[in-house]
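Data block below; observations after.
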2 protein chains.
Amino acid sequence: MKPFSSYQNPALAADLVVFGYYDNTLSVLLLNSKAEPFKDCWTLPGAFVQMEETLQQACSRILTTKLGMDKVYLEQLYTFDDPQRDPRGRVVAVAHYALINPKKFEVVAGQMANDVRWFPVKKLPALGFDHKEMFGVALQRLRSKILYFPVGFELLDEQFTMTELHELYECILGIGIDRRNFRRKILDSEYIINTGVKREGLQNRPAELYKFNKKLKRNNFQLNIS
Amino acid sequence: MKPFSSYQNPALAADLVVFGYYDNTLSVLLLNSKAEPFKDCWTLPGAFVQMEETLQQACSRILTTKLGMDKVYLEQLYTFDDPQRDPRGRVVAVAHYALINPKKFEVVAGQMANDVRWFPVKKLPALGFDHKEMFGVALQRLRSKILYFPVGFELLDEQFTMTELHELYECILGIGIDRRNFRRKILDSEYIINTGVKREGLQNRPAELYKFNKKLKRNNFQLNIS
DNA sequence: TCAAAAGTGTTGTGATTACACCCATGG
DNA sequence: CCATGGGTGTAATCACAACACTTTTGA
């Protein structure tokens, strides 16, 4: 049995939903493609998977070369396989999502794209391919994951205030959460540590700064939303 | 940009973790492969995805031609992409799991396999490729899914007793669940309907038979385990 | 002293757990 | 009448939701 030479295989792509959080807004990175079939359309960043690389490596390659990012939180989402999803031919795409802190990277348009921009998730333009669907799956996954796993820390600075974390959760989930109940829940979970440092220099009471408790075993957290 | 002819693509496979439930045991269907590289080894059923077919269709093809099954519950799990996972060459495999009622099908070994057998999940043999890992992901997914979605009904007969459903949950989750609390929870969720019929002929009190309430909107169920 | 955001506890309610006895049937 | 599994209710506990006032700072 030698299917590797005798059969034709679909092309394999890795596509990325890159989430970033700034100005109290959750955003997604989109490319304005230079090439057909979605020229001048916004699309998710993606690339064909090479014979010798893993999906993770393909994603890293996209992040590094096209976007100037590295070492980010990355998770596989779902594989999209509609034979018609790419007008150029059969492409099976494995969707991933990444979480980054936009402050840490300067986004640069690579050779493939005219333009790379952050779009607030509530103001997305029309997307090419089946990328709207990929985005939907990614947002859903992020929303459910943040309830039982501390993914939020990937989006914030090393140190952050309780209010910043609180606003991040409200923003991602799209709901209001009682401030005191949120604080208690988070502190009880022991996912964060008080650094003892305070954020000074504002014209109101200085907020305590926290950091993520990296030593924590998982399964210790379940946020139920109000 | 014409990557479809100019680049070589990895082979794409669909692999299946087929769960069945009988004799109070959750089992998985394995093939004893006739072909290298895992001749006389147990493996999960799988096939290469053809250019014109979807992953779902590839799975159906496996289920129909190799196993004589059709129209079963099927869900995509995860895509396995380690370049070394198949000694024959680069194969990216999209793992799925299926739920079937073994009573409804007669398992037949297709031309690819010497032998097709059900193995209780607690007594699995060594598996070829990375199929142990695929199985692990599948079991984990089934366990978490059954807590908020009525997948259990795919494994039982059309009509079933509360005790049968209870035992199924205990078996899949591998824990004991209080009988009265389970009953209350399930009935409150309205996922099942009392048919009014009873299972007669046993030498004890006849049990009421229930069926799945197919009209129910989702999101109405959250089983918390004791 | 004022504005603006940070910090803090309590109480009512609803859900979950733990638990034991009676019922219906066939042999 | 007995063995077997089927069916039922309640009380204690816990977790969550709702809620308002005080503190600290800079201007």
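Residue numbering restarts at 1 for every chain, and letters A, B, ... go by the order of the sequence lines.
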How many whole angstroms separate atom CG of Leu209(A) from atom P of dA6(C)?
11 Å

Answer yes or no: does a side-chain N or O of Arg183(B) lie under 4.0 Å from OP1 or OP2 of dG7(D)?
yes

For Lys185(A) and for Arg205(A), locate the closest nucleotide of DNA chain D by heavy-atom distance; then report the residue assigned to the nucleotide nearer the 5' terminus.
Lys185(A)

Measure the distance from CD1 on Ile186(B) to C1' on dG7(D) and round it to the nearest whole Å.
16 Å

Ignoring hydrogens and angles, answer whether the base of dA3(D) and the side-chain atoms of Asn204(B) contain a donor-acceptor pair closer than 3.5 Å.
no

Rounding to a whole Å, what distance do you find between Glu200(B):CD and dG27(C):P?
12 Å

Looking at dA20(C), does its base get a donor-acceptor pair with the side chain of Arg180(B) below 3.5 Å?
yes

In this structure, how many angstroms lie between the P atom of dG7(C) and the NE2 atom of His166(A), rounded?
13 Å

Calculate the interatomic distance between Arg179(B) atom CZ and dG9(D) atom P; express it in whole Å.
13 Å

Looking only at atom types and distance, does a side-chain atom of Asp178(B) sit under 3.5 Å from a main-chain N or O of Asn181(B), one as donor and one as acceptor?
yes

Taking for each residue the nucleotide of DNA chain D bearing the nearest heavy atom, is the 5' side occupied by Tyr210(B) or by Leu202(A)?
Tyr210(B)

Using a 4.0 Å heavy-atom cut-off across all strands, classify Arg184(B) as base, sugar-phosphate, or nothing.
base

What is the separation between atom CG on Leu165(A) and atom P on dA6(C), rounded to the nearest whole Å?
13 Å

Integer-rounded Å distance: dG7(C) P and Arg199(A) CZ
11 Å

Is any NZ, NE, NH1 or NH2 atom of the basic residue among Arg199(B) and Glu164(B) found under 4.0 Å from an Asp or Glu carboxylate oxygen of the other?
yes

What is the distance, to the nearest angstrom, from the CZ atom on Phe182(A) to the C1' atom on dA6(C)?
15 Å

Select one nucleotide: of dG7(D), dC19(C), dT24(D), the one nearest the side-chain heavy atoms of Ala207(B).
dG7(D)

Nearest atoms (heavy-atom pairs only) where Tyr97(A) meets Leu142(A):
CE1-CD1, 4.3 Å

Kindly state whether the ring of Phe160(B) and the ring of Phe153(B) have centres lying under 6.0 angstrom apart.
yes

It should be established whether Thr163(A) places a side-chain nitrogen or oxygen under 4.0 Å from OP1 or OP2 of nucleotide dA5(C).
no

Side-chain ion pair, Lys104(B) and Glu154(B), N-O less than 4.0 Å
no

